[in-house]
Number of protein chains: 2
Amino acid sequence: MMEGDSMSKTLDKNKQEIQSELYAKFFQGLSNPTRYKIVEALLEGPKNVSQLVNKLGVSQSQISNQLACLKWCGYVTCKQEGKYVYYQITDERIRTIMELARSMVADNANHISCCTRM
Amino acid sequence: MMEGDSMSKTLDKNKQEIQSELYAKFFQGLSNPTRYKIVEALLEGPKNVSQLVNKLGVSQSQISNQLACLKWCGYVTCKQEGKYVYYQITDERIRTIMELARSMVADNANHISCCTRM
DNA sequence: CATTCATATTTTAATATCCTGATATGTTGT
DNA sequence: ACAACATATCAGGATATTAAAATATGAATG
C-alpha cells in the first residue's frame, strides 16, 4: 500500500495525466481536415449547417458530427434561428492559434507532408 | 472533360484540400497526451531521450517514436552529443500555441472532457 | 573488437477515428 | 395535423493511431 508522499505524488501524476489528455483532446479538435476547414470558414463569420455543407462540399451528417465535436471542445457555439442553426467561433484566441500554425507550417510543410508515424 | 476555369477551380480546390490536411496533420502533433507532454517538457529546455523516458515514465520505444513524429511535424529538432541525442523545441511560436491552448482549455475543460465524438 | 549503454525501428494487436447511409428530431408554413 | 426542409444522431465497416515487445543500429569504453 502507498502512503504519505508517494501517495500524493501518485495523485499529482494522475492529475497531470488528466491535464495532458485534456490538452491533447483540445488539439485533436483541429487535427482533422474537415474540422479544420469548418473552423477556418467560421472565422470569416457565423454560418449555418447548410451553408457549411455547400461551402465545403462535405456531407451534412459529417458537418453536423464535426460541429458537435468542435462544440464539445469549445471551438464553436451555436444558436437556433428559425429552422437554421448558426455556428460561430467561440473565442478570438482560436484565430491566433490558427495563424501561428499557418506561419509554422509554411516553414515546415515539406517535413510534415512526409511524416509516416501517425 | 474539364477545361479552362472549371479545371483551375478544381486544381485550386485540391490545393486547398492539401493545405487543410497539412494544417490538420500539424495539430495532430499535439493531439496525443504523450506527445503533448514531450513538447511541454522540452519547453523547459533541451533533453535527451533517456531524460524524457525518466521524466515522463513512458517506454523508450514510445518516446523515440513520438519524437520522430514531432520531428517530422517540425516541433522539435535533435542533435547528437556523444551517445546521447538531445531534442529541443524548434520554435518559440510553439510556446505561444501551448499557452493559448492552456488558457482556452481552462475556460472549457468541462466541455472537452465529455466529448464522445472523436 | 567486444561489451555496454543509448536510441531507433519494426511488428502486431487493441483501440479509436472517420465516413457513409439511414433514420430520427425539430422547425416552419399550409 | 401534414408536408417540406434543416439539423442531429446512430450503426457499420474501412482505415488510422496507439502502445508493447522484440530487435536493430549506433556510440563509447575498456
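Below, chain A is the first sequence line, B the second, and so on; all start at residue 1.
The aromatic rings of A/F27 and B/F27 sit parallel to each other, their planes meeting at less than 30°, with 60° as the upper class boundary. A/Y75 and A/F26 have parallel rings, their planes meeting at less than 30° on a 0 to 90° scale where 60° marks the start of perpendicular.
Comparing A/Y84 and A/Q62 by the nucleotide of DNA chain D whose heavy atom lies nearest to each, the residue mapping closer to the 5' end is A/Y84. Map A/V58 and A/G82 each onto its nearest nucleotide of DNA chain C; the residue landing nearer the 5' end is A/V58.
Not a single donor-acceptor pair, N or O on each side, falls under 3.5 Å between the base of D/dT7 and the side chain of A/N65. You'll find a donor-acceptor pair under 3.5 Å spanning the side chain of B/Q60 and the base of C/dA8, going by distance alone.
The NZ-C1' distance, from B/K79 to C/dA6, rounds to 17 Å in whole Å. Regarding B/I63, its CD1 atom lies at a distance of 16 Å from the C1' atom of D/dA21, rounded to whole Å. Between B/E81 atom CD and C/dT7 atom P there is a gap of 11 Å when expressed in whole angstrom units. Rounded to whole Å, the distance from CG on A/L67 to C1' on C/dC19 is 16 Å. Residue A/L52 contributes atom CG, which lies 14 Å from atom P of D/dA6 at whole-angstrom precision. Separating the NZ atom of B/K25 from the P atom of C/dC18 is a distance of 13 Å, rounded to the nearest angstrom. Counting to the nearest Å, the P atom of D/dT18 and the CG atom of B/L56 are 16 Å from each other. If you measure from atom CD of B/E21 to atom C1' of C/dC19, you get 14 Å, rounded to the nearest angstrom.
The main-chain N or O of A/Q66 is never found under 3.5 Å from a side-chain atom of A/R35 such that the two would form a donor-acceptor pair. Judged by distance alone, the side chain of A/Q51 and the main-chain N or O of A/N48 form a donor-acceptor pair under 3.5 Å. Side chain of B/Q80 to main chain of B/G82: a donor-acceptor pair is present (N/O by atom type, distance under 3.5 Å, no hydrogens or angles).
Side-chain proximity of B/S59 to D/dA20, D/dA8, C/dT17: nearest is D/dA20. Relative to the side chain of B/Q80, the nucleotides C/dA6, C/dA22, D/dA27 differ in distance, and D/dA27 lies closest. The A/K83 side chain lies nearest to D/dC5 when the options are C/dT17, D/dA20, D/dC5. Here the side chain of A/S61 is nearest to one of C/dG21, C/dT7, D/dA19, namely C/dG21.
A close approach under 4.0 Å does not occur between any side-chain nitrogen or oxygen of A/N32 and OP1 or OP2 of C/dT17. The side chain of A/Q66 places an N or O atom within less than 4.0 Å of a non-bridging phosphate oxygen (OP1 or OP2) of C/dC19. Using a 4.0 Å cut-off, some side-chain N or O of A/R35 falls inside it from OP1 or OP2 of C/dC18.
Using a 4.0 Å heavy-atom criterion, one finds that B/Y87 contacts the sugar-phosphate atoms exclusively.
Contacts between residues 37-50 of chain A and DNA chain D, defined by a heavy-atom separation below 4.0 Å, involve A/N48, A/V49, A/S50, listed by number.
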- Item | Verdict with supporting geometry, A/L52 and A/L42, side-chain contact (heavy atoms from CB on, under 4.5 Å) | CA-CA 9 Å; A/L52 288 168; A/L42 292 181; 4.2 Å; yes
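A 4.5 Å side-chain heavy-atom check between B/K47 and B/L56 finds every atom pair outside the cut-off.
For the residue pair B/Q60 and B/S64, a side-chain donor N or O sits within less than 3.5 Å of a side-chain acceptor on the partner.
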